[in-house]
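Numbers restart at 1 for each chain; the letters A, B, ... are given by sequence-line order, proteins then strands.
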Amino acid sequence: MSEELIRFENVTKRFGENTVLDDLCFSVRAGQHVTLIGPSGSGKTTILRLLMTLEKPDAGTIRVNGGKLHPADEKHRREVRKKIGMVFQHFNLFPHMSVLRNITEAPIRVLGKSREEAEARGRELLEMVGLADKYEARPAQLSGGQQQRVAIARALAMEPKVLLLDEVTSALDPELVAGVLDLLREIARTTDITMICVTHEMNFARDISDEVLMFDGGRVIESGSPEKIFSDPEHERTREFLGAVL
Amino acid sequence: MNWDWAAVVDFLPRFWDGLLVTLQVLVLGSVLSFTLGLVWALGFRAPSRFVRWPVHAVTEFVRTTPLLVQLFFLFFVLPEWGVQFSAMTTGTLAIGLHYSTYTAQVYRAGIDAVPAGQWEAATALSLPRHRTWLTVILPQALRRIAPALGNYVIAMLKDTPLLAGISVLELLQQSRLESAATFQYIEPLTVVGVAFVLIAYPASLLVRSLERRLV
Ligand SMILES: Nc1ncnc2c1ncn2[C@@H]1O[C@H](COP(=O)(O)OP(=O)(O)O)[C@@H](O)[C@H]1O
Ligand SMILES: [Mg+2]
C-alpha cells in the first residue's frame, strides 16, 4: 500500500454562522483515486478549495506530504500548491490567451521551462485531449467540452502529483459529457496522479475510484470501495442520496 | 459682426504654438493619469489598510475639489515651499493628478469585473502575484476599460484651457494674447473652438468604435 499523501485532521470550516466542515478527518494515499459524493452544499467544493489554498480552515490541520498546509508559511504553501492542480466546474480558462498559451504560461513562469519546451509539451497534451488543431484558438471559439479538455491539459502541464476535479462535467451540455469523462478515465488509467474528484456521474465514479467518500453535515458519514458504497451502502443517508441521483 | 480672414491668418503662428502645447499637456497628462490611476487602483486593493485608507482619502479629496483650485494651489503655493516648476509643468502635473483620480475609479471597476475564477485559476497554477496581475488580470481589465479611459482623455482635452488660468501658452491663452494685441476676438476664439471640435469629434468616434469592437 502506498504512502499517505493528504490528511485532513479535525478540519472545521465556517462561513459566518454556517459550519460547512465540522471536525472533518480523512486521508488520501499517493496514487489513489478518491471520489467525494454527497448532497449539494455538503462542503465538497470547500474541501478541494482548502487543498488548493483558495480557502483557509478555521480549525484543524491539513497535511500534504507530511508538511502542514495550514498553518504554514507562504513559502511552504507555494511549494505544496505547485504539486496540486485543479480543474474547475466553469473551466476558468484565460479568455484573452490562445489555447496553447493557456497551457504554457504557468510552466514557463513557474516551472522555469523554456518557451520551446513548454510549447512542445503543450502540443503533446493538446494531442492527448484531442485538440491538436486548436492550439491557436481562443477559449471562446471552443465548445464547453473542448474548453474543459483544455483546462485539463493546462492542469496536467504543471506535472501535478494531485489533481482536484470539481464537478468538471456539470456545466456541459449532455452530449459533451462523455468525451470529457473518457479523457479522465484515460488519465486515471495511464498516470500515477492522485485524483480527488467531486462528481454526480456515478458510473464514472464507479469506474475510476479506489475509494468513495460520502459527505453529509460536514463530515464523512461513510467510505469504502465503489462496489461497497454503490451496491450495499450502510448508511440511510447514503441510500437516500444514491436513490436520488441514480 | 464681420469675419476677417486676414485676422485668422495673422493668428496662425500663435495657433500652431498653442496647439503644440495643448497636445503636449494632453499626452503627458494622459500618461500621468493612466499611470498614477493604476497606482491608486492597486492601492485600493492593497492587503494593508494603512495603504488603502490614505489612498482612498487622497483620491477622494483630489477628485472632489475643482481642478482650477488645484491648479492655482500648485502654481502659487508650491513655490512658497521652495518647489519651482514652469507653468506648463505645474499645469500638466495638476491635470494628470486630477484625472488620475477618475481613471483610478475606471481601473477599479475594470479590475473588479474580472471574475473571481480568473484569480483562482491563477492560484491553482501557482502563478506569482505580480504575474497574475500582469498576464491575467490587467489585460482583461484594460480591454474592458479602454473606451472609458479614452473618454477621459477627451474630457481632459476640454479641460486644458483651464491652464490659461496660470498663463500656460496653450490654445486659449494664445488666442487671448492675440486678441490683446489686435482687438480681434471672434476669429482667434472661433479658430480655437473649431480646433477642439476637429480633435475631439474624431476622437469620440474612435472611442465609440473601440467600444463596439471590445464589447
Ligand atoms: N465563499 C463562501 N461564502 C459563504 N458561504 C459559502 C462560500 N462558499 C461556500 N459556501 C457555503 O458552504 C456550503 C458548502 O458549499 P460547497 O463546498 O460549495 O458545497 P458542495 O460543493 O458540496 O455543493 C454551502 O452552504 C455554501 O453556501
Ligand atoms: Mg460544489
With a 4.5 Å cut-off on side-chain heavy atoms, are Ser126(B) and Arg78(A) touching?
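No; the side chains remain at least 4.5 Å from each other.
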Mark yes when over 12 heavy atoms from residues, nucleotides or ligands other than [X] sit less than 6.0 Å from its [atom1]; otherwise mark no.
{"X": "Arg176(B)", "atom1": "CZ", "answer": "no"}
{"X": "Arg208(B)", "atom1": "CZ", "answer": "no"}
{"X": "Lys113(A)", "atom1": "NZ", "answer": "yes"}
{"X": "Glu127(A)", "atom1": "CD", "answer": "no"}
{"X": "Phe61(B)", "atom1": "CZ", "answer": "no"}
{"X": "Asp192(A)", "atom1": "CG", "answer": "no"}
{"X": "Phe76(B)", "atom1": "CZ", "answer": "yes"}

Under 4.5 Å from a heavy atom of chain B, the part of [X] involved:
{"X": "Met52(A)", "answer": "both"}
{"X": "Arg154(A)", "answer": "both"}
{"X": "Leu111(A)", "answer": "neither"}
{"X": "Phe94(A)", "answer": "both"}
{"X": "Ile84(A)", "answer": "backbone"}

Heavy-atom pairs under 4.5 Å with chain B - which of Arg81(A), Met158(A), Arg109(A), Met86(A) has more of them than the others?
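Ranked by heavy-atom pairs under 4.5 Å with chain B, first place is Arg109(A).
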At their closest point, which heavy atom of Val110(A) faces which heavy atom of Leu125(B), and how far apart are they?
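Shortest heavy-atom separation between Val110(A) and Leu125(B) comes out as CG2-O, 3.7 Å.
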Do the side chain of [X] and the main chain of [Y] share a donor and acceptor less than 3.5 angstrom apart?
{"X": "His96(A)", "Y": "Thr135(B)", "answer": "yes"}
{"X": "Asn92(A)", "Y": "Gly117(B)", "answer": "yes"}
{"X": "Glu120(B)", "Y": "Phe88(A)", "answer": "no"}

